[in-house]
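Worksheet for the structure shown next.
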Amino acid sequence: MAGVSVQAFRRQGRRYGAGLVCSEMVSCAGLQHRNERTLGYLRIASDEHPLAVQIFGSEPATMAAAARMVEDAGADLVDINFGCPVRKVTKTGAGATLLEDPDRACRIVSAVAEAIDVPVTVKMRRGLEDGSRACLEVGPRLVDAGAASLTLHPRSARQMYTGFADHSLTAELVERVEVPVVASGDITSHARAEAVLATTGASAVMVGRAAQGNPWALQEIVEGEPAQPTREEVVAELMLFIRETVRELGETRATSFLKKFYGWYLGRGRFPRQFKAELTQLPMIADVEQRLLIAAPGAADVLERLESELPVGDEIELDLPISIYGGG
Ligand SMILES: Cc1cc2nc3c(=O)[nH]c(=O)nc-3n(C[C@H](O)[C@H](O)[C@H](O)COP(=O)(O)O)c2cc1C
């Protein structure tokens with residue numbers, strides 16, 4: 001998820017039971033121009049595997065070159081984005097727009113599949129307009145072009161994140177292709193995951209928003225046992241997330257990036273509402289950490305244990321021209 005799936009998020013997801021994690025979407029044009037921030041998305045830690053890195057773009061040759069860089073960086077899968085509904089992306093002919101241009105979409109998939117040895121997968125929406133069934137026409141063609149798996153988020157691009165994911169389309173897609181289909185959209189609990197798997201025949205579910213500030217949701221989805229974290233556990237996970245994100249993005253970028261996460265972690269009735277507002281006003285990360293520890297002093301011990309369990313010294317596995325540690 002763009003603006004969410006930083007390395008800290010992915011490592012946390014793996015710790016809480018996710019079988020596969022995915023990067024934010026990475027611009028193939030950004031990789032082509034060796035944009036420093038874009039290259040930063042290719043930083044992979046050893047405890048993230050298996051990891052998919054998702055790329056977006058509209059030119060087959062540029063996408064193929066980007067896929068080679070992603071493979072060299074150590075990704076286990078290269079995923080192609082045919083789902084992004086955001087205008088900044090669709091106006092360049094990338095993302096969900098490609099569902100309306102199946103020939104180009106197929107050329108992209110086959111160029112990428114020919115360029116690399118790791119599997120190529122595709123993530124898509126149902127189509128551009130409400131009620132569209134484009135995914136059912138395009139999906140099988142993408143498989144013929146070389147997609148090893150398809151993930152469907154069955155909302156239209158126009159819907160953005162409103163309404164519901166219509167997983168009856170997921171079931172139809174499963175019927176039409178021989179490769180694994182992953183169901184994305186509104187998977188928030190073990191019960192929901194089981195129901196979607198049973199009614200669609202999908203091979204796996206993908207969890208997005210439910211895991212934001214809530215890795216315990218992943219645990220519940222995987223194990224089926226309610227996972228109720230203590231205040232100390234919540235604060236410790238948030239503090240670890242803050243520290244890892246500062247290391248990854250640098251303090252300036254991390255300070256604004258992290259604000260949305262305070263609400264996600266501290267909401268859900270875990271802390272009073274004004275506490276989140278108070279944290280977002282604090283100018284320095286050190287102040288945020290101090291305030292969190294006042295609210296849950298026992299979190300310090302939990303944090304120490306979490307930090308001691310993380311692998312050290314392997315944060316960067318790739319040799320790329322990233323001049324500033326933190327990706328710029
Ligand atoms: C903030 C945000 C960023 C997202 N970024 C991406 C992305 O970069 N690539 C992608 O394939 N889907 C992206 N998505 C869509 C999710 O992968 C997922 O399909 C969608 O949120 C529905 O699943 P959910 O109900 O579990 O969140 C994003 C969703 C959100 C909310």
Side-chain angles (χ1 to χ4, degrees), residues 1 5 13 17-23 25 50-56 67 75-85 95-102 105-106 108-110 112-113 116 118-157 159 161 163-211 218 221-222:
M1 286 184 286
S5 306
L20 172 68
V21 289
C22 187
S23 72
M25 59 182 203
L51 168 90
V53 170
Q54 186 184 67
I55 54 175
F56 71 95
D76 302 290
L77 296 174
V78 175
D79 191 60
I80 300 179
N81 183 314
F82 291 158
C84 183
T97 325
L98 285 156
L99 296 170
E100 301 280 311
D101 191 352
C106 289
I108 290 173
V109 170
S110 66
V112 170
I116 56 175
V118 297
V120 177
T121 58
V122 170
K123 169 117 183 313
M124 56 185 180
R125 287 205 174 218
R126 65 182 296 164
L128 286 185
E129 299 299 331
D130 292 355
S132 168
R133 295 166 60 81
C135 61
L136 299 179
E137 303 305 320
V138 183
R141 291 188 56 190
L142 299 177
V143 172
D144 290 341
S149 155
L150 301 174
T151 300
L152 179 63
H153 175 205
R155 280 186 173 87
S156 68
Q159 265 183 292
Y161 297 96
F164 299 98
D166 179 359
H167 283 296
S168 68
L169 273 123
T170 313
E172 287 191 62
L173 184 64
V174 168
E175 288 298 315
R176 292 184 187 209
V177 295
E178 296 291 322
V179 297
V181 171
V182 180
S184 167
D186 307 337
I187 307 293
T188 52
S189 66
H190 183 78
R192 183 75 191 130
E194 293 250 286
V196 169
L197 288 172
T199 55
T200 62
S203 303
V205 292
M206 178 179 281
V207 180
R209 290 166 295 172
L218 294 173
I221 288 167
V222 173

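Quick caveat: nothing in here was measured; it's all calculated off a predicted structure.
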Practice prompt. Over all heavy atoms of both residues, which pair between S5 and S23 is shortest? Give the atoms and the distance, please.
Written response: CB-C, 4.0 Å
Fill in: Minimum heavy-atom distance between C22 and Q54, given as atom pair plus value
SG-CB, 4.0 Å
Fill in: Within-4.5 Å side-chain heavy-atom neighbours: V143 and E178
no
Fill in: Nearest-0.5 Å distance that lies between atom CG in D130 and atom CD in Q159
5.0 Å
Fill in: Test item: D76 side-chain N/O and L51 main-chain N/O as donor-acceptor pair under 3.5 Å
yes
Response to the item:
Scanning both residues in full, the closest heavy-atom pair of A193 with I221 reads CB-CG2, 4.0 Å
Practice prompt. Please lay out, stage by stage, how H153 and Y161 fare under the test side-chain contact (heavy atoms from CB on, under 4.5 Å).
Written response: CA-CA 10 Å; H153 175 205; Y161 297 96; 4.2 Å; yes
Item to complete: Supply the atom-to-atom distance T199 OG1 to E194 CD, rounded to the nearest 0.5 angstrom.
Response: 11.0 Å
Practice prompt. Could you tell me which non-hydrogen atom of T170 sits nearest to which non-hydrogen atom of A183, and how far apart they are?
Written response: CG2-CB, 3.9 Å
Discussion item. Measuring only between side-chain heavy atoms, which start at C-beta, is I80 closer than 4.5 Å to L98?
Written reply: no
Worksheet entry | R133 and D166: CA distance, side-chain angles, deciding distance, salt bridge (Lys or Arg N to Asp or Glu O under 4.0 Å) verdict | CA-CA 11 Å; R133 295 166 60 81; D166 179 359; over 6 Å; no
Response to the item:
Heavy-atom nearest pair, P119 first then A148, reads CB-CB, 4.1 Å
Worksheet item: Which atom names give the shortest non-hydrogen contact between L197 and S203, and what distance separates them?
Response: CD2-C, 4.2 Å
Practice prompt. Indicate yes or no: at least one non-hydrogen side-chain atom of F82 is less than 4.5 angstrom from one of L142.
Written response: yes
Discussion item. For L136 and L173: C-alpha separation, side-chain torsions, deciding distance, then whether side-chain contact (heavy atoms from CB on, under 4.5 Å) applies.
Written reply: CA-CA 6 Å; L136 299 179; L173 184 64; 3.9 Å; yes
Discussion item. Do C84 and M25 make a side-chain contact, defined as non-hydrogen atoms from C-beta onward lying under 4.5 Å apart?
Written reply: yes
Practice prompt. Enter the distance from M206:CE to L20:CG here, rounded to the nearest 0.5 Å.
Written response: 7.0 Å
Worksheet item: Can you list every salt bridge (charged side-chain N to carboxylate O under 4.0 Å, His left out) pair that touches residues 195-204, not counting sequence neighbours?
Response: none
Discussion item. If we ignore hydrogens and angles and just use 3.5 Å, is the side chain of D186 paired with the main-chain N or O of F164 as donor and acceptor?
Written reply: no
Worksheet item: Within a strict 4.5 Å, meaning less than it, do heavy atoms of the V182 and S149 side chains meet?
Response: yes
Worksheet entry | Minimum side-chain heavy-atom gap R192-H167 below 4.5 Å | yes
Discussion item. Within the 4.5 Å heavy-atom criterion, are V181 and R176 side-chain neighbours or not?
Written reply: no
Practice prompt. List in chain and number order the residues that pass side-chain contact (heavy atoms from CB on, under 4.5 Å) with C135, two or more places apart in sequence or in another chain; answer none if no residue qualifies.
Written response: M124, R126, L152, L169
Discussion item. Please check this pair: side chain of R141 against backbone of C106, looking for a donor-acceptor N/O pair closer than 3.5 Å.
Written reply: no
Fill in: Distance in Å, E100 CD paired with S132 OG, rounded so as to fall on 0.5 Å steps
6.0 Å
Worksheet item: Does T151 reach the side chain of T121, with side-chain heavy atoms less than 4.5 Å apart?
Response: no
